[in-house]
There are 2 protein chains.
Amino acid sequence: MSAAETSNWQQIHDVVLERIQSRRWKPGDLIPREQELAEEFGCARATINRALQALADSGFLERRRKAGTRVAIHPVRKATLSIPIIEQEIEQNGFTYAYALLTDAVLPPPADIGAWLEVPPDSTVRHVEALHSASGRPYVFEDRWIHLDAIGAAASADFSTVSPNRWLVENATYTRGKITLSAIGAGSRESELLACEPGAALFRLERRTWNKTAVITVANLTFAPGYRMHTML
Amino acid sequence: MSAAETSNWQQIHDVVLERIQSRRWKPGDLIPREQELAEEFGCARATINRALQALADSGFLERRRKAGTRVAIHPVRKATLSIPIIEQEIEQNGFTYAYALLTDAVLPPPADIGAWLEVPPDSTVRHVEALHSASGRPYVFEDRWIHLDAIGAAASADFSTVSPNRWLVENATYTRGKITLSAIGAGSRESELLACEPGAALFRLERRTWNKTAVITVANLTFAPGYRMHTML
DNA sequence: GAGTGGTCTAGACCACTGT
DNA sequence: CAGTGGTCTAGACCACTCC
């Protein structure tokens with residue numbers, strides 16, 4: 001009874017983590033070599049390696065060839081934000097999703113957006129503004145710029161029923177992205193669209209997305225008041 | 001020449017990822033069994049397993065025994081937020097860190113904080129308010145509640161020179177945490193401390209931290225206007 | 001029941017890096 | 001150069017779960 005079925009490497013992982021957290025092995029300490037730990041735990045070195053790799057990935061250990069494995073001095077805590085498709089996020093919370101296209105144009109971008117998209121000075125990009133709502137209440141305002149040279153199919157995409165957010169997730173394979181989170185005061189446009197007072201504090205997510213070769217798109221998502229983003233660590 | 005030195009499993013990882021992103025293997029598709037891939041790539045099955053494990057961890061694949069490995073339908077993108085010690089964050093940005101203790105008391109918590117800390121109704125907790133500043137400018141206001149029964153040493157900690165933020169990182173081993181990010185309007189206290197107008201949009205990070213047995217602490221960090229949190233994905 | 005991924009082993013060689 | 005972790009292999013058994 002008392003099943004306790006975790007794999008061996010996970011048990012070793014937990015034991016080592018406990019030794020770190022109990023300060024039996026203190027930050028900066030060198031811990032035993034893999035071979036020694038393998039003997040202590042009565043397993044193969046590969047099993048130890050698996051456990052220590054996981055701890056290194058989590059930031060608890062720092063490993064270097066020849067230098068050995070040390071307990072990290074600053075166990076940098078990493079939280080994982082999952083970035084969902086807006087539609088899914090709303091529906092998972094039990095609301096009815098609706099989407100409205102506000103503007104859609106191909107035009108030369110403002111200087112700052114052009115720089116972010118890394119497009120030549122005189123080129124044009126597609127600019128889409130849209131509102132996502134949850135059970136009739138405005139949820140998030142999407143301000144989207146798409147680099148058409150980087151993803152040609154987007155030139156003919158129909159954003160009247162499918163949001164750029166969703167279309168891009170499904171049609172643009174990307175490899176890297178950078179996200180910036182901040183708080184901004186509602187301007188006149190935001191206050192109108194998101195049904196709040198001008199100056200109200202709004203949660204803002206700015207995102208730049210690359211594929212292998214170029215910036216695909218820049219998105220500014222401005223959430224309605226009261227939005228909260230959750231994460232575990 | 002053209003060194004290209006990545007390990008074999010990483011190369012396989014990249015090849016498989018390319019097949020996913022190029023839609024040769026589409027979302028929902030079943031991909032070949034590990035044994036078949038091992039034959040295709042001319043390696044051991046363990047090497048394939050390592051590559052596919054990594055892709056599953058990243059959210060690109062979903063793997064189940066007997067059912068096989070499928071391309072994830074919604075490649076849930078995960079961004080990693082690293083949560084630094086405030087002092088480090090400020091100094092890494094080239095500013096001079098300063099810390100000021102504002103209030104420090106042991107008292108019965110308000111109902112909401114008490115519930116978050118999961119303390120009995122009539123118990124007391126330690127409440128600390130502090131201001132962290134960067135090169136003389138207010139940076140973040142720390143509103144901290146500490147469950148003394150869960151971490152007794154905190155009762156005698158001196159927060160006049162070391163912030164709760166740092167003290168807890170260094171002295172409280174914790175295992176789990178939950179973070180909530182939001183935007184709030186500055187109240188009178190925030191506007192005074194953070195040198196901004198009442199109602200200004202402020203970035204807020206709320207955090208609850210557990211060790212194995214109990215909630216250790218609740219922290220509300222309210223950042224000065226203009227704060228931006230960055231993350232990659 | 002059978003097929004798939006999850007884990008483990010014992011051994012080997014290699015890559016990196018401190019001395 | 002030598003010591004450590006990084007990777008790989010060939011094979012094995014097990015755990016899970018679909019049929």
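Treat the numbers as computed from the prediction; the structure is a model and nothing was measured. Within every chain, numbering begins at 1; the chains are lettered A, B, ... in the order of the sequence lines, protein sequences first and strands thereafter.
- The aromatic ring centres of Y139(A) and H132(A) sit 6.0 Å or more apart.
- One interatomic measurement links the two molecules: CG of L30(A) to C1' of dG18(C), which rounds to 12 Å at whole-angstrom precision.
- Ion pairing between E206(A) and K178(A) fails under the 4.0 Å rule for side-chain N and carboxylate O.
- Rounded to an integer number of Å, the gap from NE2 of H13(A) to C1' of dC8(C) is 18 Å.
- Comparing dT7(C), dG5(C), dC18(D) by their closest approach to the side chain of R33(B) singles out dG5(C).
- One finds a salt bridge joining R19(B) and E40(B) here, because a Lys/Arg side-chain nitrogen approaches an Asp/Glu carboxylate oxygen to under 4.0 Å.
- Nearest to the side-chain atoms of A44(B) among the listed nucleotides dT9(D), dG5(C), dG5(D) stands dT9(D).
- The aromatic rings of H13(A) and W9(A) lie perpendicular to each other, with more than 60° between the two planes, well past the 30° mark.
- For the pair E36(B) CD and dT4(C) P, the computed distance is 8 Å after rounding to whole Å.
- A donor-acceptor contact shorter than 3.5 Å links the side chain of Q11(B) to the backbone of T6(B).
- Taking the C1' atoms of five terminal pairs at each end of the helix from dG1(C)-dC18(D) to dG18(C)-dC1(D), the two resulting helix axes are inclined by 20°, rounded to 10°.
- Side-chain proximity of R63(B) to the nucleotides dA10(C), dA10(D), dG5(C) is greatest for dG5(C).
- Rounded to a whole Å, the CD atom of E62(B) is 14 Å from the P atom of dG5(C).
- The phosphate of dT7(D) has OP1 or OP2 within less than 4.0 Å of a side-chain N or O from Q53(A).
- Phosphate contact (OP1/OP2 of dG18(C), side-chain N/O of R64(A), threshold under 4.0 Å): present.
- Side-chain nitrogen and oxygen atoms of T69(A) include at least one within less than 4.0 Å of the OP1 or OP2 phosphate oxygen of dG5(D).
- Smallest separation of non-hydrogen atoms from L30(A) and A67(A): CD1-O, 3.4 Å.
- Closest-nucleotide positions on DNA chain D for N49(A) and A67(A) were compared, and the one nearer the 5' end corresponds to A67(A).
- Note on ring orientation: taking the six-membered ring where Trp is involved, the planes of W167(B) and F159(B) are perpendicular (angle over 60°, cut-offs 30° and 60°).
- Note on S7(B): every side-chain N or O is 4.0 Å or more away from OP1 and OP2 of dG6(D).
- Across dA10(C), dG18(C), dG5(C), the shortest atom-to-atom separation from the side chain of K66(A) is found for dG18(C).
- Using a 4.0 Å cut-off, some side-chain N or O of T47(B) falls inside it from OP1 or OP2 of dT9(D).
- Of the candidates dT4(C), dG6(D), dC8(D), the closest approach to any side-chain atom of R65(B) belongs to dT4(C).
- For the pair I12(A) CD1 and dC8(C) C1', the computed distance is 10 Å after rounding to whole Å.
- Of the candidate nucleotides dG6(D), dT7(C), dT7(D), dG6(D) has the atom nearest to the side chain of E34(A).
- Rounded to whole angstrom, the span from the CZ atom of R50(B) across to the C1' atom of dG6(D) amounts to 8 Å.
- The CD1 atom of I48(A) sits 13 Å away from the C1' atom of dG5(D) (whole-angstrom rounding).
- Between the side chain of R45(B) and the base of dG6(C), at least one donor-acceptor pair of N or O atoms lies under 3.5 Å.
- Residue R70(B) contributes atom CZ, which lies 12 Å from atom P of dT4(C) at whole-angstrom precision.
- Salt bridge status for R23(B) with E18(B): absent, with no side-chain N to carboxylate O gap under 4.0 Å.
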